[in-house]
Amino acid sequence: MTLIPVERTTASRIGQVDFNNLDFGLHMSDHILVAEYSNGQWGAARIKPYGTMEFYPAMMALHYGQSVFEGMKAFRMENGDISVFRAATHLERFNRSLERMCMPTVPASLFLDGLFELIRTDQDWVSGNPGCSLYLRPFCFASEARLKIKVAEKYHFIILTSPAGPYYTKPYRLKVETEYTRTVEGGTGFAKCAGNYGSSYYPMQLAFQEGYDQVLWTDGKEHKYIDEVGMMNVMFMIDGVLTTPKLNTAILSGVTRDSVLTLAKDMGVRTEERRISVEEIETNLKQGRISEAFGTGTAAVVAPITTINISGTDHQIPEPTPSSFQSKVKNLLSDMRTGRAADIHGWNHIIQI
Ligand SMILES: *Cc1c(COP(=O)(O)O)cnc(C)c1O
């Protein structure tokens, strides 16, 4: 364990935050972790107060898009401990994303020790209110100032944290997207890079204008197979089988997706990961064989889907009830994270305070 120097703020902003009424991503906690990469290696990390930072306008991340992030959460447990959910899995994905973008990977000692020390520093920001958590945002970007088109040689690795409340989404009305693509096999869809978001906004905005909440992304080659929903993985309960698209290079490997699949098996629910065509979903919807559909992601955990528009026709899916799979799995996951249910998969990292 490396010792990380901590420069503490003299003006905590925690008093300005209403922990009973949190708007996602609006308030940043008091401190950040920063490390810089140059001359082929990562420098020492430090923790300092959150605030403005200076960069050159020629910073390469802004021009050529080398920018990658993670989204994860820390929870206040029933006994007062703080747990971080599946930290090592997030680190593995972060490094896969970095490799795809020709960026330097971040060693576990920097990422994990840095993250845990940062959470210790801002431990008062981890609320024990029901459904609350501390959202963790590790990210890396090319900070070298140069306009030449090349792989950057200087990077910043930063971790921000932000208190999050229960994230209730009203049931989604989806439009199947068959014109635009988020990404395509061979592209960057499996990497959590900033560009995937930038390119998704326009088709999402068109869907909003047509009265939908999100797009159901289809494969970029034929627009026949389902990839993801908005910025989440998607799951359907078809004839009692929890069915989700099989991972490929166009699909982000969600940690929530993996957790839900694992818990489904524990709960005795059959699961299938395979290609799912829009045509199959349409037929199954017409025959009433889809009892649930939902998105999965760290921010919302599960987000119910009740309408899917396929070539101009809205198809309905029942709203979840407390006995729906998605409600049960969401509660189980929450119980495991807060210590009300046994952490049988070893997903919690307990922070030593
Ligand atoms: C982050 C993300 C997800 C969800 O991943 P989790 O690890 O479950 O939070 C799904 N799809 C996309 C495109 C994402 O960026």
Side-chain angles (χ1 to χ4, degrees), residues 24-25 65 67-75 84-98 100-101 111 115 133-140 160-162 164 167 169 172 174 177 180-185 187-204 207 213-220 226-236 242 244-264 273 276 293-303 305 326 329-330 332-334 336-337 345 347-349:
F24 184 78
S67 181
V68 155
F69 67 95
E70 267 305 317
M72 46 202 295
K73 280 180 173 175
F75 298 87
V84 182
F85 190 67
R86 302 195 70 175
T89 310
H90 282 280
L91 168 61
E92 280 167 29
R93 184 173 71 190
F94 191 53
N95 281 333
R96 281 200 302 277
S97 302
L98 289 167
R100 177 62 178 82
M101 304 305 285
F111 187 100
L115 182 68
S133 59
L134 187 65
Y135 183 79
L136 314 169
R137 170 53 61 84
F139 62 111
C140 184
L160 293 178
T161 72
S162 173
Y167 196 106
T169 53
Y172 283 150
L174 303 185
E177 182 58 67
Y180 296 96
T181 52
R182 184 184 86 89
T183 175
V184 64
E185 277 195 69
T188 56
F190 71 95
K192 215 166 171 70
C193 61
N196 289 344
Y197 281 68
S199 63
S200 298
Y201 287 149
Y202 185 71
M204 282 164 67
D213 305 306
Q214 283 293 349
V215 296
L216 192 55
W217 298 108
T218 53
D219 75 281
I226 290 167
D227 278 354
E228 297 200 53
V229 54
M231 291 303 174
M232 303 176 100
N233 295 111
V234 64
M235 298 193 176
F236 303 90
L242 184 66
T244 191
K246 191 177 158 70
L247 295 176
N248 62 40
T249 53
I251 298 177
L252 200 284
S253 171
V255 176
T256 317
R257 174 187 181 279
D258 183 74
S259 306
V260 168
L261 287 173
T262 303
L263 293 181
E273 297 174 63
I276 304 171
F294 53 95
T296 67
T298 294
V301 187
V302 299
I305 297 165
Q326 62 186 289
V329 83
K330 183 174 181 171
L332 177 56
L333 208 45
S334 167
M336 288 173 90
R337 289 158 156 177
H345 298 288
W347 285 339
N348 295 335
H349 176 93

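One-based numbering, in listed order, for ligands and for the atoms of each. Positions are given from 1 along the sequence.
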Checklist entry - Do Lys192 side-chain atoms and Ser97 backbone N/O form a donor-acceptor pair below 3.5 Å? => result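 No, the answer is negative, given that no donor and acceptor are paired below the 3.5 Å cut-off.
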Next on the checklist: Show the atoms of ligand 1 that are less than 4.0 angstrom away from any heavy atom in Met231.
Outcome noted: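 Listed by number with element, the hits are 2 (C), 3 (C), 10 (C), 11 (N), 12 (C), 13 (C), 14 (C).
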Item to check | pair Arg100-Cys193: side-chain heavy atoms closer than 4.5 Å | outcome: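 No, their side chains stay 4.5 Å or more apart.
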Next on the checklist: Just so I know, are the side chains of Tyr172 and Val234 near enough to count as touching, which here means a heavy-atom distance under 4.5 Å?
Outcome noted: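 No, every pair of side-chain atoms sits at 4.5 Å or beyond.
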Item to check | Side chain Trp217, main chain Ile226, donor-acceptor under 3.5 Å | outcome: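 Answer holds: no.
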Item to check | For atom 1 (C) of ligand 1, the option (of Arg182, Lys192, Arg86) bearing the nearest heavy atom | outcome: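 Among Arg182, Lys192, Arg86, the closest heavy atom to atom 1 (C) of ligand 1 belongs to Lys192.
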Checklist entry - Among all protein non-hydrogen atoms, which one is nearest to atom 11 (N) of ligand 1, and what is the separation to 0.1 Å? => result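 The closest one turns out to be Glu228 OE1, 2.5 Å.
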Next on the checklist: Tell me whether Arg182 contacts the main-chain N or O of Gly189 through its side chain, where contact means a donor paired with an acceptor under 3.5 Å.
Outcome noted: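 The answer is yes, because a donor-acceptor pair under 3.5 Å joins these two groups.
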Item to check | Contact partition for Leu252 relative to ligand 1, non-hydrogen atoms under 4.0 Å | outcome: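 Within the 4.0 Å criterion, Leu252 contacts ligand 1 through side-chain atoms alone.
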Next on the checklist: Need the ligand 1 atom indices (1-based, order shown) with element for anything under 4.0 Å from a heavy-atom of Gly297.
Outcome noted: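 Near Gly297, the atoms of ligand 1 are 4 (C), 8 (O), 9 (O).
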Next on the checklist: Please tell me whether Thr256 and Asn233 have a donor and an acceptor in their side chains that are separated by less than 3.5 angstrom.
Outcome noted: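 On atom types as modelled, these side chains do not qualify, holding no pair under 3.5 Å.
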Next on the checklist: Counting C-beta onward and ignoring hydrogens, is there a side-chain heavy-atom pair between Met235 and Arg257 closer than 4.5 Å?
Outcome noted: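 Met235 reaches Arg257 side chain to side chain.
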Checklist entry - Any idea which atoms of ligand 1 are less than 4.0 Å away from a heavy-atom of Tyr197? => result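 Atoms satisfying the 4.0 Å criterion: 14 (C), 15 (O).
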Next on the checklist: Only heavy atoms of Arg93, strictly under 4.0 Å: list the atoms of ligand 1 that pass.
Outcome noted: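 Here the atoms of ligand 1 in question are 5 (O), 6 (P), 7 (O).
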Checklist entry - What class does the angle between the rings of Phe111 and Phe94 fall in, given that below 30° is parallel, 30 to 60° is tilted and above 60° is perpendicular? => result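 Tilted: the ring planes of Phe111 and Phe94 meet at 30° to 60°.
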Checklist entry - Near Gly254, which atoms of ligand 1 are under 4.0 Å from a heavy atom of that residue? => result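 Those atoms are 5 (O), 6 (P), 7 (O), 8 (O).
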Checklist entry - For atom 8 (O) of ligand 1, what is the nearest protein heavy atom, given as residue, atom name and distance? => result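 Of the protein heavy atoms, Thr256 OG1, 2.6 Å lies nearest.
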Item to check | Atoms of ligand 1, numbered as shown, that sit under 4.0 Å from any heavy atom of Asn233 | outcome: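 Every atom of ligand 1 under 4.0 Å from some heavy atom of Asn233: 10 (C).
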Checklist entry - Would you say ligand 1 has an N or O under 3.5 Å from any N or O of Thr298? => result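 Yes; the residue has a nitrogen or oxygen that sits under 3.5 Å from a nitrogen or oxygen of the ligand.
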